[in-house]
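Accompanying notes for the structure given below.
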Number of protein chains: 2
Amino acid sequence: MQDLLFGFISKYISLTEDEKNAIVSLDIFRSFKKGTTLLGEGQKSKDSYFVLKGCIRVYYIIDGEEKTTAFYTEMDALTPHCVINNTPSGYFISCVENSLLLISNADMETEVNNKFPKFDTMCKLFSAELLVKQQMDFDEFKTSSPEQRYLNLLQKRPDLIQRVPQHQLASYLGIKPQSLSRLRARILEKKS
Amino acid sequence: MQDLLFGFISKYISLTEDEKNAIVSLDIFRSFKKGTTLLGEGQKSKDSYFVLKGCIRVYYIIDGEEKTTAFYTEMDALTPHCVINNTPSGYFISCVENSLLLISNADMETEVNNKFPKFDTMCKLFSAELLVKQQMDFDEFKTSSPEQRYLNLLQKRPDLIQRVPQHQLASYLGIKPQSLSRLRARILEKKS
DNA sequence: TAAAAACGTTCACTTAAGTTAAGAAAAACG
DNA sequence: CGTTTTTCTTAACTTAAGTGAACGTTTTTA
């Protein structure tokens, strides 16, 4: 299972066996059952997550309604706002599936960075990449209709459509579940 | 005019007179006329922008239509994607107003970082803050309707509504200019 | 495993945004 | 300074999403 992690890291930096062992010895792998809430609205936390297996979801509750804004699957990393600006979280994070996560916090990161300076290099590269990806996602969302967004998702993350409940997916696309059903029927009709 | 810059920097770190002079001597202030295109689609660039005065805009051209995704005004910073991942830009950047900008590139930044290590501290703080802000903007956009977005903008950036053409604003809100006109009329009606 | 809850789809109706077009107002330009 | 271009608004019509409700299916869970 750790191979997943080291495969991911190798995209940015190369690690010696010693370094790998040091990381493993941190004992930061945790598994959670489907439905587990990792972070609640209003809570503070110092933890960041890296998904090794499974799927986690970020959602708000606005007027009693869930609004899903993000799904994180294998090899995705999530650092909640509250970690960065030390304020109560505005949203919930929960497991869509049974998931194996890597959980890190600032203390642990500085410790690793001190031992292995190149780790800091990786973090910088990774966060720059993340910023760009996030910006591109935002732009894509803004510049397309719900139907286009759905078709895009079908291309880019086809797995999500299978593994995530439709009503969460609808919310993620910015529409109601009924509209997603209709939209899908419309697309099927066009094809034929 | 530089006071604007140093006032901004003082939110993150404190600078000596020597350090301020070193920054000024870099000669990185540039002014541009309204309508100037700073970056075109398909171009590569190494430059980042910091707005001291004025307003710049990011937009795509999709099916011959402008899609505005961001406005940057006083004390906002913009690092285009192409700078980070060294690929051709997917969008345009142009000046909505006559603008005074600070233009920096990676070479200059490493130079300054070497001379003044605390500058690096500021950059990290600043980019973490930016990431959070961007994420929050995205979430807000996703979880609200065009009308709510407009009302939000009215609260948070009332100046934008005055200084930016309506059709660019409409695009920024994810709707057509005609819909923005109608939406505003609807809001006025509700008030009375 | 039986009852309850959650989920997905369909339908009819409502509301809001897209589209096309026209005309008035403002800005840009020679 | 007048002309041209761009911008903004309004209107009528079309299209798609929101809403409320019904109903069958799947999943929970007691």
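Here is how names work: the chains are called A, B, and so on, in the same order as the sequence lines, proteins then strands, and each is numbered from 1. None of these values were measured; they are calculated from a predicted model.
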N/O-N/O pairs, protein side and nucleotides 17-19 of chain C side, under 3.5 Å:
from, atom 1, to, atom 2, distance (Å)
C:dA17, OP2, B:R186, NH1, 2.9
C:dA17, OP2, B:R186, NH2, 3.1
C:dG18, OP2, B:K176, N, 3.1
C:dG18, OP2, B:S179, OG, 2.8
C:dG18, N7, B:R182, NH2, 3.0
C:dG18, O6, B:R182, NH1, 3.0

Under 3.5 Å, side chain of B:T73 to main-chain N/O of B:C55, donor-acceptor pair present?
no
Apart from B:V132 itself, which Ile, Leu, Val, Met, Phe, Trp or Tyr residues share its cluster (side-chain heavy atoms under 4.5 Å, direct or through members)?
A:I84, B:M136
Could you tell me how far apart B:R163 (CZ) and C:dA27 (P) are, to the nearest whole angstrom?
16 Å
One thing to verify: whether A:R30 and A:D47 come together as a salt bridge, which I'm taking to mean a side-chain N less than 4.0 angstrom from a carboxylate O.
no
Give a yes or no on this: more than 12 heavy atoms of other residues, nucleotides or ligands lie within 6.0 Å of atom NZ of A:K46.
no
Salt bridge or not for A:E140 and A:K156, using N-O below 4.0 Å?
yes
Tell me whether B:R57 is salt-bridged to B:E66, with the criterion being a basic N under 4.0 Å from an acidic carboxylate O.
yes
Given B:Y59, which partner from the list B:Y172, B:Y91, B:F92 fulfils the ring pair (Phe, Tyr, Trp, His ring centres under 6.0 Å) test?
B:F92
Spacing of A:Q166 atom CD relative to D:dT26 atom C1', expressed in whole Å:
13 Å
Using whole Å, what does the distance between atom P of nucleotide D:dA16 and atom CG of A:L180 come to?
15 Å
Calculate the interatomic distance between B:Q168 atom CD and D:dT7 atom C1'; express it in whole Å.
11 Å
Indicate the atoms forming the closest heavy-atom contact of A:V164 with A:L169, along with that distance.
CG1-N, 4.0 Å
Grab the CG-P distance between B:L173 and D:dC8 for me, whole Å please.
13 Å
Taking only N/O atoms, report every protein-nucleotides 27-30 of chain D pair under 3.5 Å with atom names and distance.
from, atom 1, to, atom 2, distance (Å)
D:dT28, OP1, A:K34, NZ, 3.3

Can a salt bridge be assigned to the pair B:E65 and B:K176 using a cut-off of 4.0 Å between side-chain N and carboxylate O?
yes
Rounded (10°) bend between the five-pair end axes of the helix from C:dT1-D:dA30 to C:dG30-D:dC1:
60°
What pairs of donor and acceptor atoms, side-chain ones from residues 119-127 of chain B against any protein atom, are under 3.5 angstrom apart with sequence neighbours left out?
from, atom 1, to, atom 2, distance (Å)
B:D120, OD1, B:N113, ND2, 3.4
B:S127, OG, B:C123, O, 3.1
B:S127, OG, B:K124, O, 3.2

Would you kindly give the CD-to-C1' distance between A:Q148 and D:dA17, to the nearest whole Å?
15 Å
Think B:H167 has a side-chain N or O under 4.0 angstrom from the OP1 or OP2 of D:dT6?
no
With A:K34 via salt bridge (charged side-chain N to carboxylate O under 4.0 Å, His left out) - residues at least two apart:
none
Could you tell me how far apart B:I161 (CD1) and D:dT7 (P) are, to the nearest whole angstrom?
18 Å
